[in-house]
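All remarks here apply to the structure that follows.
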Amino acid sequence: MGHGMQALLAFAPIALAGVLLVGFRMAARTAMPIVYVLTALIALLAWDVSFNRIAAASMEGLIITAQVLWIIFGALLLLNTLKYSGGIGTIRSGFSGLSGDRRIQVILIAWLFGCFIEGASGFGTPAAVVGPLMVAVGFPALAAVIFGLIIQSTPVSFGAVGTPMLVGVQGGLQRDAMTQALEAQGHTWAEFFHLVVAQTAIFHAICGTLIPLFLVVFMTRFFGKNRSWTEGLAAAPFAIFAAFAFTVPYTLSAVYLGPEFPSIIGGLLGLAVAAMAARVGFLVPKREWDFPPAAEWPREWVGSLHMELGSNEKRMPLFVAWLPYVLLAVFLVLTRTIEPLKQGLMGVQWATRGILGESGINGNFQPLYLPGGILVLVCLITVLLHRMRWSDFGKAAGESARTLVGAGFVLIFTVPMVRVMIQSGVNLAELPSMPIAMAQWVADTVGGAYPLFAPTVGALGAFLAGSNTVSNLMLSQFQYSVAQALGASGATLVAAQSAGAAAGNMIAIHNVVAASATVGLLGREGVTLRRTIIPTIYYVLLVGVLAYVALHVVGMTDPMVGVQFG
């Protein structure tokens, strides 16, 4: 079987996912089981992978799925706990009092608060929180959806407390084989992974500098009475200031702390700095800008949202409302930097090696160390801090569990499908694994220009799967293998993959539909996509240029360049 046929068969599951999800508009819960079955059949019949190895890889995927679902549950539980405690209502009121200028409000709410929510929760929760919040303070529903999607770019690689990196990138690479190869040279997996994390943050920091400006110029051009770009540009100084208020601590957190923290710390510190600046009028335009009167809004701007914050309407001091998020950030930093505490939490685990006797297929579950455990702890503390009724906390837990069921059903097929592709390198046909087969063909076809296209590949994965994490799971090994075939830095191309996959969230069908649903705009996704495709193209093109420069001009390298394994 030639390289072209290998690549075609290896790509078939991804192509089928695209056809079913986009072409036939099939729900992911229906499409992904079909894609999993096709992947298993290709591995069994074309790659000659044993049934036992396919089963073991699928079980490995289920263990990874459990890790993801535990994190998602904790994130949803915190959001719903604050909803029932009255904390979200207090946070909403706090935003309204900072500035009457909608350009400042969209930066504070969508960019900074949205980035923080992405860091703490991920998995579409920024749209669920930020969209209704903007509608509640007077934004058109269509604007709220578009802005909630545009910010799901820069913070997404480190969303859900680092899940796209910790689970997506690490789960998407042949970590065990790479670790052995690294240790043979006197290096560690942690060193290599740190390179990926740092470069991903740098790509995002550069591209993210203009995202707040996109927000304000889109708002004044598409939702203003005068349909003016220049009215948005008048807020450029504050927009750029707010961009740096986020990206500076974001990048430093990635370099010095790890993938759990950039979006959380960047969002918290950036919001605090920008909120103080807005309060004193620093770099704020002298003339306030507002939408036309609501009676003049076109019908397509308006949704059917009725803001529901839960039955508990009590108010509390703003600091008390924000305290759970502050505690989350503090606890995460402590549990990741204090070694005895870290080791103690990691020691509580269920682990297995050589699943079904298959070498290189392992799994573990650390309920206390995983961010899900920290999130649940913060939720329990919040019940006491906000003086909640335990019955309300029970409602929050029930709502979170019900939301989890839908995500869980899709993931129990998606993640095992990815692991079958990655583990297909052990076979009787003596073929490379499916991602490597695709990589070899792409490297032969595109050659040294490939870094320009790497982020677009990542964005395509997110567009299809609706998730940065899943895109990284599917394509990290593919990107790494292309780099190896080109003799280039795999860390750089995996970083470009992660950044591109984050940008793909702006146009991911699942995200667009979910964001539209939160503000009652289902059925108008086409209008939203025509707007969000613009910043998506900007993002993937710029990351591609940065990756090309890093590899071919700067000469970026890593310990694995030229090392063969697996």
Side-chain angles (χ1 to χ4, degrees), residues 59-60 62-75 77-78 119-122 157-198 200-201 252-265 268 324-355 359-381 469 472 491 559:
M59 292 174 67
E60 180 188 38
L62 291 175
I63 294 170
I64 295 172
T65 300
Q67 297 173 2
V68 176
L69 292 177
W70 179 231
I71 297 169
I72 296 174
F73 176 75
L77 182 61
L78 179 57
S121 304
S157 288
F158 304 103
V161 208
T163 299
M165 304 298 293
L166 294 170
V167 176
V169 170
Q170 293 196 121
L173 290 171
Q174 292 176 276
R175 179 175 175 177
D176 290 341
M178 290 177 68
T179 298
Q180 292 176 13
L182 284 161
E183 289 176 349
Q185 303 172 78
H187 295 284
T188 65
W189 170 262
E191 292 171 355
F192 178 84
F193 186 56
H194 178 262
L195 282 175
V196 177
V197 170
T200 301
L252 293 174
S253 298
V255 172
Y256 293 107
L257 293 177
E260 298 96 336
F261 310 109
S263 297
I264 291 178
I265 292 177
L268 270 180
Y325 287 122
V326 176
L327 289 176
L328 174 63
V330 170
F331 288 170
L332 285 168
V333 171
L334 293 178
T335 56
R336 269 63 184 166
T337 56
I338 298 177
E339 201 60 30
L341 178 59
K342 177 179 178 180
Q343 293 302 321
L345 294 176
M346 292 177 71
V348 179
Q349 67 170 326
W350 173 86
T352 181
R353 298 189 65 82
I355 298 174
S359 63
I361 302 184
N362 311 308
N364 71 76
F365 186 80
Q366 300 169 323
L368 300 184
Y369 181 73
L370 283 168
I374 309 299
L375 284 158
V376 170
L377 173 62
V378 171
C379 291
L380 294 172
I381 294 173
T469 299
N472 288 345

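Rounded to the nearest 0.5 angstrom, L78 CG and L380 CG are separated by 11.0 Å. To the nearest 0.5 Å, atom CG of residue N362 and atom CE of residue M59 are 12.0 Å apart. Rounding to the nearest 0.5 angstrom, the gap separating the CD atom in E260 from the OG1 atom in T335 is 7.5 Å. Atom CG of L368 and atom CE of M346 lie 12.0 Å apart (nearest 0.5 Å). Note that the OG atom of S157 and the CG atom of N472 stand 6.5 Å from one another [nearest 0.5 Å]. In this structure, L375 CG and F331 CZ are separated by 11.5 Å, a value rounded to the nearest 0.5 Å.
Contact detail for G119 and S263: the closest heavy-atom pair is CA-CB, 3.5 Å. Closest approach of V255 to A198, counting heavy atoms only: CG2-CB, 4.2 Å. Annotation for S253 and P262: closest pair CB-CA, 3.7 Å, computed over non-hydrogen atoms. Nearest heavy atom pair, residue G74 against residue C379, reads O-SG, 4.3 Å.
Looking only at side-chain heavy atoms (C-beta outward), Q67 and T163 stay at 4.5 Å or farther from each other. For the pair F365/L370, a side-chain contact is recorded, criterion being any heavy-atom separation below 4.5 Å from C-beta on. V196 has its side chain out of reach of P259: every pair of non-hydrogen atoms, C-beta onward, lies at least 4.5 Å apart. With a 4.5 Å cut-off on side-chain heavy atoms, V161 and I374 do not count as touching. Contact annotation: the side chain of V197 approaches that of F158 to within less than 4.5 Å [non-hydrogen atoms, C-beta and beyond]. W189 is listed as a side-chain neighbour of Q170, based on a closest heavy-atom distance under 4.5 Å. F192 is not listed as a side-chain neighbour of T179, based on a closest heavy-atom distance of 4.5 Å or more. Within the 4.5 Å cutoff, the side chain of L182 has no heavy atoms near those of the E191 side chain.
Checking each of V326, L328, L77 against V378 for a side-chain contact (heavy atoms from CB on, under 4.5 Å) leaves exactly one that passes, namely L328.
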message = Please evaluate residues L166 and F193 with respect to the criterion side chain to side chain contact (heavy atoms under 4.5 Å, CB included), reporting the C-alpha separation (whole Å), side-chain torsions for both, the decisive distance (0.1 Å), and the verdict.
response = CA-CA 9 Å; L166 294 170; F193 186 56; 4.2 Å; yes

key: Stepwise side chain to side chain contact (heavy atoms under 4.5 Å, CB included) test for T200 and V169   = CA-CA 11 Å; T200 301; V169 170; over 6 Å; no

Step-by-step side chain to side chain contact (heavy atoms under 4.5 Å, CB included) determination, L257 to I265 = CA-CA 10 Å; L257 293 177; I265 292 177; 3.6 Å; yes

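No donor-acceptor pair under 3.5 Å is formed between the side chain of N364 and the backbone N or O of W350.
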